[in-house]
Amino acid sequence: MKLERVEIVHVAIPLVTPFRTSFGTMTAKDTFLLRVVTDTAEGWSEFAADPEPLYCSEFVAGAEIVLRDFLLPRAAALPRLTTAALAPALARTKGHELAKAALETAVLDAELRGHGMPLATYLGAVRDRVPAGVSVGIKDSVPELLDDVERYLAEGYVRIKLKIEPGWDVEPVRAVRERFGDDLPLQVDANTAYTLADAEHLRRLDAFGLLLIEEPMEEDNLYAHARLQQRLRTPVCLDESLHHARDTASAIALDACRVVNVKPARVGGYLEARRVHDVAHAHGVPAWCGGMLETGIGRAPNLALAALPGFTLPGDTSASSRYFAEDITEPFVLDADGHLPVPDGPGIGVTPLPDALRRFTRARRDLYRA
């Protein structure tokens, strides 16, 4: 392929309800889409982070600069643009995995569309639908939380994840267990809100038979997570601490995690995400596909990834209606037993709906023209 044009489309889509975690509250998905045009096809992707560097160090305005000034010039300099050649070309730019993932995914989408191949086939998917879990944010009260969980279970979700933070942890979990029973697949996500000094407090969560506790302590501190795991029966799952397959292998070897959350954007794209999956699968460690409140442009490729054999736990690939009254693609809808279909069209299998895209677009700019 030859790179002809790269366009950034800044979008802001209201969430149906505010989504609160230990690092802040979101009321809209405010990010950008990347449209890559080659001489054979065009491809789309979604930048996964937010306007502020709260979840991670990357943010919308910064990613645009990195793409324009560093990543795209190296991609354009390739004599023959392929997805396989892209990561080595971008490696001289340290970090910025989410920006790299946006470019790689759009290029991969264009490349696969040119060959008429679905992303799921390319990655090695073994299922045509995947079980869907839902992430429930921090609420103002326990009754409000219970109402939300009841509604999501009625909609068909097969696993509940509760966001927690100091002061909102044991009692909300206890209330959900007492209301909905021990058979409900239940897990919690702390988004780095605790320290090793909280280990005895976190041990109280062992009483509730959780699937896992996700990223309880500071990012990248594998030693502390390994020490915590020694004191908990609940499996520790790492998210923000895993940036590629190498540190996933290290985390498993140190017993810093017994479950792996794979977010393709966080590890630089779907090629590295498949490697992380392969490492976890080879070690017999359960894995699942995480989410970043994506629009359909980001949700579609996540579903393709979640269909790989090592993803044995339901992921955060919720239905479109979980977050948006209207999406920018055709909506993803839960079936009767809480599963979502894996897109089977070429590339990521979806494209933006022109009218919806126009309504939610704040700005469009070319980052590159041949």
**Item:** Within residues 35-82 or reaching into it, pairs that qualify as ring pair (Phe, Tyr, Trp, His ring centres under 6.0 Å) - sequence neighbours excluded
**Value:**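 Every ring pair (Phe, Tyr, Trp, His ring centres under 6.0 Å) pair that includes a residue of residues 35-82, provided the two are not neighbours, is F23-Y55, F32-F47.
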Hey, is [atom1] on [X] packed in by over 12 heavy atoms from elsewhere, all under 6.0 Å?
X    : atom1 : value
R203 : CZ    : no
D344 : CG    : no
E165 : CD    : yes
D183 : CG    : no
R359 : CZ    : yes
R127 : CZ    : yes

Counting C-beta onward and ignoring hydrogens, is there a side-chain heavy-atom pair between [X] and [Y] closer than 4.5 Å?
X    : Y    : value
L184 : L153 : yes
D247 : S241 : no
F180 : L146 : yes
T82  : M1   : no
R322 : R299 : no
R174 : R204 : yes
K163 : W168 : no
P352 : I297 : yes

**Request:** Please say which of R369, R364, R68 ends up in a salt bridge (charged side-chain N to carboxylate O under 4.0 Å, His left out) with E7.
**Result:**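 Answer to the salt bridge (charged side-chain N to carboxylate O under 4.0 Å, His left out) test with E7 among R369, R364, R68: R364.
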**Prompt:** At their closest point, which heavy atom of G43 faces which heavy atom of D109, and how far apart are they?
**Reply:**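 So the minimum-distance heavy-atom pair works out to CA-OD2, 3.3 Å.
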**Message:** How close do S320 and D327 get, counting heavy atoms only, and between which atoms?
**Reply:**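 Heavy atoms of S320 and D327 come nearest at OG-OD2, 3.3 Å.
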**Request:** Calculate, to the nearest 0.5 Å, the distance between atoms CD and CZ belonging to E155 and R151 respectively.
**Result:** 6.0 Å
**Item:** Nearest-0.5 Å distance that lies between atom CG in D147 and atom OG in S141
**Value:** 8.0 Å
**Request:** With sequence neighbours excluded, tell me which residues meet salt bridge (Lys or Arg N to Asp or Glu O under 4.0 Å) with K263.
**Result:** D239
**R159 charged N/C atom sitting above W288 aromatic ring, 6.0 Å / 45°** =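 Pair R159/W288 counts as cation-pi.
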**Prompt:** Quick one: does E240's side chain have a donor or acceptor within less than 3.5 Å of a partner on T192's backbone?
**Reply:** no
**Message:** Please check: side-chain N/O of K100 versus main-chain N/O of L86, any donor-acceptor pairing under 3.5 Å?
**Reply:**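 Looks like no, no N/O pair under 3.5 Å.
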